[in-house]
There are 2 protein chains.
Amino acid sequence: MNIRVEDILRHNRLSITGSRKKILSLFLSHAGALAHGDIEKKAGEKFDRVTIYRTLQAFVEKGILHTIPTSDNNVRYALCNDECYEGHHHDDHVHFMCRLCGTTTCINDAYIPEVKLPRGYNALQVEVVVHGICKNCKK
Amino acid sequence: MNIRVEDILRHNRLSITGSRKKILSLFLSHAGALAHGDIEKKAGEKFDRVTIYRTLQAFVEKGILHTIPTSDNNVRYALCNDECYEGHHHDDHVHFMCRLCGTTTCINDAYIPEVKLPRGYNALQVEVVVHGICKNCKK
DNA sequence: TATGATAATGCAACAAAGTTGCAAAATATA
DNA sequence: TATATTTTGCAACTTTGTTGCATTATCATA
Ligand SMILES: [Mn+2]
Ligand SMILES: [Mn+2]
Ligand SMILES: [Zn+2]
Ligand SMILES: [Zn+2]
């Protein structure tokens, strides 16, 4: 696991530091998306709040993480797939937010539907967030 | 216009006050969605920040305004249609955010597509935000 | 339309979230 | 290992959002 983390950092020309290893491994070992606040808690008292902001920002810029649109003023982050690289995100997949457990998940194998817009609108990217009951909570 | 504003307030059992009239008329006279910050600017120095927060909150609860999901940690508000009422929103329409002018618009006449989710996921609401170039900027 | 009950507002004080500059520490490179 | 470069943590600050409460405005009705 640690090897994988360091590979990802190296591959993105990011120096290998404690906070980057810790934060990236949190995402690799956790199925859902994480907000800044979650990371602060999960990373413990080990890292400064500012470092976490800067690390997340660097990861988004490099195409390691993407942000997920929400109506609740609380940006969530999740791992990108392999097609994302510096400055070029291709995270066009559905996001699911569970009304019960609150987790946000990337649904990589759902088809993003075509949206027919009125005349004059030119679509470049379609973001879809589905709210409902997740796999785990349904049981 | 003022008559319409007061009617909406009365219809929603909200007392008719300066800030409510002002904020509601901003939405009625403005095509796109507005963030809290926009309203603070547009309403001038007339109203306290706290009053604006409370007014927006009241409008959302009453089904006069709805919030729009964004990836940028900046909640935008827009007028609901007539089917929304206290505690029951039905704002299932596409939202469009222009990459050039930054405006966010409700696209009421675009069909919200069905999303096929993997087994186990139960969808209750689908939010669609399209990013691109708007009607005005295309010209 | 005057009066009292009720609700909304503005203010102050606070909490939480996010930003910036900079010296110290860690990492990369040769 | 030595040096250049990058990252970190800290402090100070800004912006955003929340809460309690006294004052003021609105509403209902007599
Ligand atoms: Mn995702
Ligand atoms: Mn809308
Ligand atoms: Zn769940
Ligand atoms: Zn535009």
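Just the heavy atoms: all of them, side chains too, but no hydrogens, waters or symmetry mates, feed the values below. We name chains A, B, ... by the order of the sequence lines, and we start the count at 1 in each one.
- A donor atom on one side chain and an acceptor atom on the other are not found under 3.5 Å apart for A/H66 and A/H90.
- Taking atom CD of residue B/E40 and atom C1' of nucleotide C/dT9, one finds them 15 Å apart after rounding to whole Å.
- In this structure, CG of B/L56 is placed 11 Å from P of D/dT18, rounded to the nearest angstrom.
- As a whole-Å value, the separation of B/L9 CG from C/dA8 C1' is 13 Å.
- Between A/R54 and D/dT8 there is no side-chain N or O to OP1 or OP2 distance below 4.0 Å.
- Residue order along DNA chain C, read from the 5' end via each residue's closest nucleotide, puts B/R13 first among A/V50 and B/R13.
- In this structure, the CG atom of A/D48 is 14 Å from the P atom of C/dT19, given to the nearest Å.
- Taking the side chain of B/T55 as heavy atoms from C-beta on, and the options D/dG9, C/dT9, D/dT18, the nearest nucleotide is C/dT9.
- OP1 or OP2 of C/dA8 lies within a sub-4.0 Å distance of a side-chain N or O belonging to B/R20.
- For A/N73 and D/dG17, the shortest distance from a side-chain N or O to OP1 or OP2 is below 4.0 Å.
- Regarding A/H36, its NE2 atom lies at a distance of 12 Å from the C1' atom of C/dA16, rounded to whole Å.
- At a cut-off of 3.5 angstrom, counting only N and O atoms as typed in the model, there is a donor on one side and an acceptor on the other between the side-chain of A/R49 and the base of C/dG18.
- A distance of 8.5 Å separates CD of B/E127 from OG1 of A/T70, quoted to the nearest 0.5 Å.
- Residues B/D7 and B/R4 are not paired through a salt bridge, judged by the lack of any N-O separation under 4.0 Å between the basic side chain and the carboxylate.
- Taken to the nearest 0.5 Å, the CZ atom of A/F27 stands 10.0 Å off from the NZ atom of A/K42.
- Rounded to an integer number of Å, the gap from A/Y53 OH to C/dG21 P is 17 Å.
- By the 4.5 Å heavy-atom criterion applied to side chains, A/I16 and A/K21 are counted as neighbours.
- Of all the heavy atoms in A/I112 and A/D92, the pair that sits closest is CG1-O, 3.6 Å.
- We find that NZ of A/K62 is positioned 11 Å from P of D/dT6, with the value rounded to whole Å.
- Environment of CG in A/D109: crowded, with over 12 heavy atoms of neighbouring residues, nucleotides or ligands closer than 6.0 Å.
- Of the listed nucleotides (C/dG10, C/dT19, D/dT8), D/dT8 has the atom at the smallest distance from the side chain of A/T51.
- Rounded to whole angstrom, the span from the NZ atom of A/K21 across to the C1' atom of D/dT8 amounts to 15 Å.
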Provide a list of protein-nucleic acid N or O atom pairs under 3.5 angstrom, restricted to nucleotides 23-30 of chain C.
residue : atom : partner : partner atom : Å
C/dA28  : OP1  : A/I16   : N            : 2.8

